[in-house]
Amino acid sequence: MENIKKFVDELDRDLISNGMVFIIGAGASVASGLKTFRGEEGHYKDHRPEDLASAYGFMRDPDLVWEWYQMRMRKVFDAKPNAIHNALVDLEKHNLLDTIITQNVDGFHHRAGSSLDKIVEIHGTITKSHCFDNCGETIDYVAAPDEVPVKCKCGGLQRPSVVWFGETLNSDDLIRSQNRMMRDRLVVTIGTSGIVYPVAALPFIAKQNGATVIDFNLEASSISEIADLFVEGPAEKTFPEFAEYVISLYQ
Ligand code: BV8
Ligand code: ZN
C-alpha cells in the first residue's frame, strides 16, 4: 500500500480529477467466483478459444457452445459483484471515474450500481442473445436458459450477444475507448492478461500518447512491463485500498 500512496501523492492531480479510465479483464470477476480464460483453472483449459467463442465453433457445434454459455450464465446469475465493482461505484459517486471499458460479459458493473453511460461492454454481454441469422429477435435473460441451444422464433438459433474471436468490436465502443487513451488521463487496468486484441493495444496506445497507466494484476504481464505502477496481488484486495485512498484525497 505504501507504494500506491507514494505514487498517488506524486501524481498530477488533474489526472484523477479529470476522471480515471478503467480497462477490466476476467481477473476482476475471480473474487465473484467466475473463472478466467487463461489461468490453469481457465475456461480454455479443455477447449481452444476458437472452438467455444467463435461463430465457426458455434456453427460446427452449437450444442457444445450453448452448453458452455449456459454453464457460465448459471455462474453469473448465481454470483454477485465483488469489492472491485463496488469500489468503482464509489469512485463514480465521487466524480473520479470517467469510463469503465470491460472485456467481461458478466454485467457485474451495472449490477453493482455503475451507471450504464459509464460502462463500455466492449466484448458484449452474456445476459442477452440475438438471432444467429439476424432476424431481429433478441432475448434478455434474468437466469440461464433451461433448454439449449436456444431456438429463435424464426426457426433458427439464438446466439449469445458477445463478441466472438474473428468478429469485429462495435466501432463506436472502440473509438470511444481509444479517445480516452490520452495524456490527460490516468488509465487503470484490472485483471487482464493483455492478450486479446484490439483491447490489449489500448494500454500501449495510452502510453504512446503520454497517459499514465497503473496495472492491478496477480502476476506480471505485457501491460505491467509498460505501466507506470504495477500493483501485484489480488485486485479485490489492492484495488479497493487504492480507491479508498484516492477518494480520501479528492473528496
Ligand atoms: C477482432 C467474449 C478483427 C466472448 C472474448 C494474432 C495476433 C493478434 C490478434 C489476433 C491474432 N489472431 C486473431 C487475432 C484477433 C483476436 C485475438 O486477439 N486473439 C488473441 C487470442 C491473440 N481478436 C479478435 O478476434 C477480436 N476481433 O480482432 O476483429 C479481426 C477479424 C478477423 C480476424 C482478425 C481480426 C475479438 C476479441 C474478442 C473475443 N471475445 N470474449 C466470451 O467471453 O465468451 S475474449 C475473452 O478474453 C474475454 O472477453 C476476456 O475478458 C478476454 C481477455 O482476457 P482477460 O480478460 O485478460 O482474461 P484472461 O483469462 O486472459 O486473464 C485474466 C488475468 O487476470 C490474468 O492476467 C490473471 O493474472 C489475472 N488475475 C486472475 N485473478 C486475479 C487477477 N488479477 C487480479 N486479481 C485477481 N484476483
Ligand atoms: Zn431468428
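All ligand and atom numbering here is 1-based and tracks the order in the structure.
Close approach to E167 involves these atoms of ligand 1, each under 4.0 Å from a residue heavy atom: 1 (C), 26 (C), 27 (N), 29 (O), 36 (C). Under a 4.0 Å criterion applied to the non-hydrogen atoms of V162, ligand 1 contributes the atoms 4 (C). When each atom of ligand 1 is checked for a heavy atom of N104 under 4.0 Å away, the hits are 51 (O). Here is the list of ligand 1 atoms found below 4.0 Å of a heavy atom in W68: 44 (O). Residue contact check: G25 has heavy atoms under 4.0 Å from atoms 56 (O) of ligand 1. Atoms of ligand 1 found under 4.0 Å from any heavy atom of R72 (numbered from 1 in listed order, with element): 42 (C), 43 (O), 44 (O). Of all atoms in ligand 1, listed by their number and element, those nearer than 4.0 Å to a heavy atom of E219 are 69 (O). When each atom of ligand 1 is checked for a heavy atom of Y69 under 4.0 Å away, the hits are 4 (C), 42 (C), 44 (O).
Annotation for N82 and I84: closest pair OD1-N, 2.8 Å, computed over non-hydrogen atoms. Across all their heavy atoms, T238 and I4 have their closest contact at O-CD1, 4.2 Å.
Under the 30°/60° scheme for interplanar angles, the aromatic rings of H85 and F108 are found to stand perpendicular. Between W164 and Y69, the ring-plane angle classifies as tilted under the 30° and 60° cut-offs. Using the six-membered ring where Trp is involved, F132 and F58 have ring planes that are tilted, between 30° and 60° apart.
The only member of V199, T102, D173 that meets side chain to side chain contact (heavy atoms under 4.5 Å, CB included) when paired with H123 is V199.
Only the side chain of V105 comes within contact range of ligand 1, with a heavy atom under 4.0 Å; no backbone atom does. The proximity of V30 to ligand 1, defined as any non-hydrogen pair under 4.0 Å, is limited to the side chain.
Taking any N or O of G191, backbone or side chain, at least one lies under 3.5 Å from an N or O belonging to ligand 1. Polar contact with ligand 1: present for A26 (N/O pair, distance under 3.5 Å). Backbone and side-chain nitrogen or oxygen atoms of E236 are examined, and one is located within less than 3.5 angstrom of a nitrogen or oxygen of ligand 1. Every N/O-N/O distance between W164 and ligand 1 stays at or above 3.5 Å. Distances between N or O atoms of A235 and those of ligand 1 include at least one value under 3.5 Å.
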(Q) Let's go through N170 and I122 carefully: what are the C-alpha distance in whole Å and the side-chain angles of both, what is the deciding distance for side chain to side chain contact (heavy atoms under 4.5 Å, CB included) to 0.1 Å, and is it a yes or a no? (A) CA-CA 7 Å; N170 172 292; I122 203 158; over 6 Å; no

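Contact check on E2 versus K6 returns no salt bridge, with no Lys/Arg side-chain nitrogen under 4.0 Å from an Asp/Glu carboxylate oxygen. Contact check on E121 versus R176 returns no salt bridge, with no Lys/Arg side-chain nitrogen under 4.0 Å from an Asp/Glu carboxylate oxygen. A salt bridge links D228 and K207; the closest N-O separation between the charged side-chain nitrogens and carboxylate oxygens is under 4.0 Å. Using a 4.0 Å cut-off between charged nitrogen and carboxylate oxygen, K75 and D78 do not count as a salt-bridge pair. With salt bridges taken as basic N to acidic carboxylate O contacts below 4.0 Å, none links K118 and E92.
Heavy-atom proximity to atom 32 (C) of ligand 1, evaluated over G194, G166, P234, S221, is greatest for G166. Residue nearest to atom 26 (C) of ligand 1, selected from F239, Y197, F216: Y197 (by heavy-atom distance). Of the listed residues (A201, G27, S224), the one carrying the non-hydrogen atom nearest atom 71 (N) of ligand 1 is G27. In the candidate list A28, S193, A53, S193 is nearest to atom 62 (O) of ligand 1, counting heavy atoms.
Between F216 and F242, the ring centre distance stays below 6.0 Å. The distance between the ring centers of F22 and F239 falls below 6.0 angstrom.
Of all protein N/O/S atoms, those lying under 2.8 Å from the Zn ion (ligand 2) come to 4.
Within 6.0 Å of OH in Y56 there are 12 or fewer heavy atoms belonging to other residues, nucleotides or ligands.
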